[in-house]
Structures are given as C-alpha cells and as structure tokens.
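Only heavy atoms go into these numbers, but all of them, side chains included; no hydrogens, no water, no symmetry mates. Every chain is numbered from 1 and lettered A, B, ... according to where its sequence line falls, protein lines coming before strand lines. Keep in mind the model is a prediction, meaning the values are calculated, not measured.
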Protein chains: 2
Amino acid sequence: MNQTTMGKPVKEALTNDDGVDFALIELFFFAYRDFTSDPDAILTEYGFGRAHHRVLHFVNRRPGLTVAELLDVLRITKQSLARVLKQLIDTGHVIQVQGPRDRRQRELYPTNKGRALAMALAVPQSRRIRAALREAQPADRAMIERFLKAMVNPELRTQVDKLPSRAEAPAGEGKENDRG
Amino acid sequence: MNQTTMGKPVKEALTNDDGVDFALIELFFFAYRDFTSDPDAILTEYGFGRAHHRVLHFVNRRPGLTVAELLDVLRITKQSLARVLKQLIDTGHVIQVQGPRDRRQRELYPTNKGRALAMALAVPQSRRIRAALREAQPADRAMIERFLKAMVNPELRTQVDKLPSRAEAPAGEGKENDRG
DNA sequence: AATTTATGTCAGCCATATTGACATAAATTT
DNA sequence: AAATTTATGTCAATATGGCTGACATAAATT
C-alpha cells in the first residue's frame with residue numbers, strides 16, 4: 001500500500017473518448033440537481049424536505065391511494081414514511097380516510113392546502129422544463145419523453161403509466177376510478 | 001382547523017391539464033432514480049455511498065483539482081467532504097499531492113484503483129443512456145444534450161463546460177497517454 | 001510582522017433513510 | 001368461533017450525508 005507500488009497519481013482526465021458518455025452523465029446530474037433546487041427552496045420555508053415533497057406529490061397525483069401503494073411507489077420503508085406523513089397530516093396538507101371496502105386501509109387525500117402546496121412546488125419545475133424545451137427544440141418534446149421513459153427500468157415503467165395524464169371523466173359516487 | 005372548514009379531502013387527481021407538465025416532472029424523477037441505482041449497487045459492495053461516487057467521479061474527470069475546487073463543484077461544506085474524502089484516501093482510491101505552486105493546496109488525483117472504480121461506476125450509466133438513446137431516436141443525441149444543459153441554471157453552466165470532453169494534447173512531462 | 005488563505009479537525013445537530021420487534025384492528029381462512 | 005394473515009402504526013437503535021461553529025496549522029501575501 002505504499003506510494004511506490006500502487007498509489008501513483010493518475011494525471012490524465014477521463015474523457016468521452018474512454019467509451020463512456022461522461023457528457024450526458026454529468027448533464028443528467030447537474031440538470032437533476034437544479035431541477036430539485038426550486039422546490040427545495042420553497043420546502044425549506046415550511047420546514048419540509050424532499051421526502052415531504054414526494055409524498056405530497058403522489059398523494060395529489062393519485063388521491064385516495066393507500067399507505068401500502070404509496071410505499072410501493074416511493075420504495076421506502078413504512079418507518080421512513082411515518083414521520084413525514086405524520087407531519088403532513090398534522091399540518092393539514094394531507095388527510096387520511098378509512099378505506100370504504102377494507103376498513104384497515106387508510107386512503108390518503110390532499111386537502112386544499114395540500115393541493116395548493118403541491119402546485120406551488122410543481123410550477124417552477126414545469127416552468128424550467130418548458131424553458132428548456134424552448135431552448136432545445138420545442139417540437140421534439142415527445143422525443144425527450146421517450147428518452148426519459150427509456151431510462152427507467154422496464155419493470156418499473158408500469159408505475160409511470162399508472163399516473164393520470166389527462167383529467168378523466170369524473171367517476172361520480174357510484175363508479176370506481178379506473179386508472180388501471 | 002377542523003374537518004368541516006378546511007380539511008376536506010380533494011378527490012380529483014392533478015393532471016397535465018392543470019397547466020403543469022407532470023408527465024415530464026415524473027419521468028425525470030423516475031429516470032434519475034434508476035440512473036443512480038446501478039452505481040449505488042456497486043458502491044454498497046465497497047461500503048461507499050453516493051457522496052463517494054461524486055468525489056471519485058470529479059477527481060477522475062479533473063485530476064489535480066484542489067480541495068477548494070472540489071467543494072465548489074459539489075457545493076458541500078469541507079466538513080461534509082472530509083469524511084468521504086478521507087475514506088477514499090484511506091482505501092487507496094484517491095491520493096493527495098502537495099500543490100506545486102502553492103504548497104498549502106492539496107491536489108487530488110485518482111490512483112489506478114480509483115480510476116478503475118470510477119470506470120466501473122460510469123459504465124452501467126453510460127450503457128443505460130446508450131440504450132435509451134437507441135430506444136428513443138439515435139440521431140437526436142445532440143438535442144437531448146441541449147435539453148439537459150438548458151435545465152441547468154445558467155450561472156452554473158460554466159461548471160459543465162469546465163469538464164473535459166475530448167482528451168487534450170497533454171501539456172506535461174514528456175508524453176502522456178493519448179487515447180484520442 | 002501581521003493578515004489572509006487553504007486545509008484539516010473536533011463537536012454537535014438535523015433529515016432521511018435503514019432494520020427489527022411488537023401492537024392493533026380488521027379481513028380472511030380453517 | 002378460532003386462528004391466521006394483512007394493513008397500518010409505533011418504538012428503538014443505527015447509518016449516511018448533510019449542516020454550523022470553533023479552532024489549529026502552515027503557507028502565502030501584504
């Protein structure tokens with residue numbers, strides 16, 4: 001383990017010539033970092049973090065999802081979720097409703113307050129995307145969507161598809177909401 | 001704060017119709033999550049985390065950068081960097097060299113071992129990108145690059161540009177390794 | 001000689017995640 | 001009806017990766 005045998009400094013930089021697409025790797029890193037910076041700033045004012053953002057987001061995108069479903073989407077443990085969810089409930093952003101079919105389940109819904117915050121967090125992100133598309137090439141939004149989707153693990157793409165794209169004909173009281 | 005006045009559950013899902021590009025927001029989230037999953041798995045074997053990855057990555061991309069420069073790129077505090085950097089040094093992935101001009105500075109270089117690990121971490125990410133480009137539309141790689149760059153805060157785009165894309169004509173002692 | 005700069009280190013704090021164990025209520029199976 | 005499984009909640013301990021503040025050292029600059 002001495003400097004002579006193996007600890008010699010490598011002075012040449014890794015570049016795209018090394019068969020690896022470092023340009024896109026780094027752009028993805030920087031892009032995501034700044035993508036999350038706008039909501040982060042807002043969340044700080046509320047004493048919330050990214051964990052709260054994710055919960056609030058999916059509760060707003062799929063109102064009525066159960067705790068188990070939320071855990072599945074977020075891929076965290078229930079103990080991790082507990083604290084964050086409790087805070088969102090205590091602050092009146094999310095409420096729990098006892099499941100109608102199965103009374104053990106807790107359906108999670110945003111309140112108006114929670115809906116407002118979710119929108120406030122999403123707007124700057126959407127604006128950033130819109131601006132980037134304009135700067136890049138407005139026509140090919142679909143292409144970027146395909147690219148990003150292809151970056152997702154095939155097994156997990158179902159998750160993406162489960163989220164509503166367009167407002168559905170409201171299902172009314174009787175019928176179920178069939179997103180499946 | 002009672003259920004009657006403000007705590008009523010909002011039952012309608014937020015959709016793309018609400019003027020916000022939820023589709024791309026979520027795709028970006030899922031794409032980044034899976035993008036980091038491959039290296040995460042490798043890092044775990046070494047007892048390292050994402051923090052180590054980032055340090056190792058930039059030390060390999062800009063060998064010889066100083067501690068201050070690294071802190072600037074990563075945007076963390078020196079106390080945060082300290083533990084991670086120490087581990088990378090102790091395990092022989094990175095070595096410090098006293099700055100030639102300014103002997104207070106510590107230039108950071110990867111060792112061969114550190115170079116190898118950096119490559120091992122980058123390869124699956126690059127492969128994922130390549131596959132996604134193939135699935136999307138191979139021609140328009142440049143477009144996606146423009147899009148991602150436009151997602152980065154303008155002030156910070158200089159950071160992106162500071163990284164080497166192609167191997168440069170080596171400046172130093174005798175002949176360097178030119179893979180070009 | 002005094003000050004500033006680059007780095008390191010100590011100590012403590014916070015947020016977010018983890019695992020394991022156990023509790024409760026409701027649904028399901030036997 | 002009793003036993004089991006399921007959905008959720010909670011307690012405790014632990015790890016990681018950030019943070020701030022304070023202080024130390026050596027080297028460069030003024």
Provide, to the nearest angstrom, the distance between the [atom1] atom belonging to [X] and the [atom2] atom belonging to [N].
{"X": "B/Q87", "N": "C/dG8", "atom1": "CD", "atom2": "P", "value": "15 Å"}
{"X": "A/L70", "N": "C/dA17", "atom1": "CG", "atom2": "P", "value": "11 Å"}
{"X": "B/H52", "N": "D/dA15", "atom1": "NE2", "atom2": "P", "value": "14 Å"}
{"X": "B/L81", "N": "D/dC19", "atom1": "CG", "atom2": "P", "value": "10 Å"}
{"X": "A/L88", "N": "D/dG9", "atom1": "CG", "atom2": "C1'", "value": "17 Å"}
{"X": "B/Q96", "N": "C/dT9", "atom1": "CD", "atom2": "C1'", "value": "13 Å"}
{"X": "A/Y46", "N": "C/dA15", "atom1": "OH", "atom2": "P", "value": "18 Å"}
{"X": "A/L71", "N": "C/dT19", "atom1": "CG", "atom2": "P", "value": "12 Å"}

Which word best sums up how the rings of B/F30 and A/F58 line up, parallel for under 30°, tilted for 30 to 60°, or perpendicular for over 60°?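 Ring orientation, 0 to 90° scale: tilted.
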
Mutual orientation of the aromatic rings belonging to B/F28 and A/Y32 [parallel < 30°, tilted 30-60°, perpendicular > 60°]: tilted

Among A/H52, A/H53, A/R50, side chain to side chain contact (heavy atoms under 4.5 Å, CB included) partner for A/P39: A/H53

Hey, does the side-chain of A/Q79 have a donor or acceptor N/O within less than 3.5 Å of a partner on the base of C/dG20? yes

With a 3.5 Å cut-off and just heavy-atom distances, do the side chain of B/R104 and the base of C/dT5 make a donor-acceptor pair? yes

Pairwise 5' ranking along DNA chain C for A/R83 and A/Q98, keeping only the more 5' one: A/R83

Taking the nucleotide of DNA chain C with the closest heavy atom to each, which residue, A/K78 or B/A68, is nearer the 5' end? B/A68

Is [X] salt-bridged to [Y], cutoff N-O under 4.0 Å?
{"X": "B/E135", "Y": "A/R157", "answer": "yes"}
{"X": "B/E145", "Y": "B/K149", "answer": "no"}
{"X": "B/R61", "Y": "A/D18", "answer": "no"}

On the nucleotide [N], are OP1 or OP2 found under 4.0 Å from the side-chain N or O atoms that [X] carries?
{"X": "B/S80", "N": "D/dG17", "result": "no"}
{"X": "B/R106", "N": "D/dT25", "result": "no"}
{"X": "B/T77", "N": "D/dC19", "result": "yes"}

Of the nucleotides D/dT20, C/dT7, C/dA17, which one has an atom closest to the side chain of B/T66?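 Out of D/dT20, C/dT7, C/dA17, the nucleotide with an atom closest to B/T66's side chain is C/dT7.
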
With respect to the side chain of B/A82, which nucleotide from D/dC19, C/dA17, C/dT9 is positioned closest?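 Looking only at heavy atoms from C-beta outward on B/A82, the closest nucleotide is C/dT9.
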
Touch class at under 4.0 angstrom, heavy-atom based, for A/R50 against every strand present: sugar-phosphate

When both hydrogen-bonding distances must be under 3.5 Å and the geometry is Watson-Crick or G-U wobble, what is C/dT16 paired with, if anything?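 WC or wobble partner is D/dA15.
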
Pairing partner of D/dA26 (Watson-Crick or G-U wobble, both distances under 3.5 Å):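 Because both required distances fall under 3.5 Å, D/dA26 counts as paired with C/dT5.
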
Mapping A/Q105 and B/D102 to their closest nucleotides on DNA chain D, which lands nearer the 5' end?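 Result of the comparison: A/Q105.
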
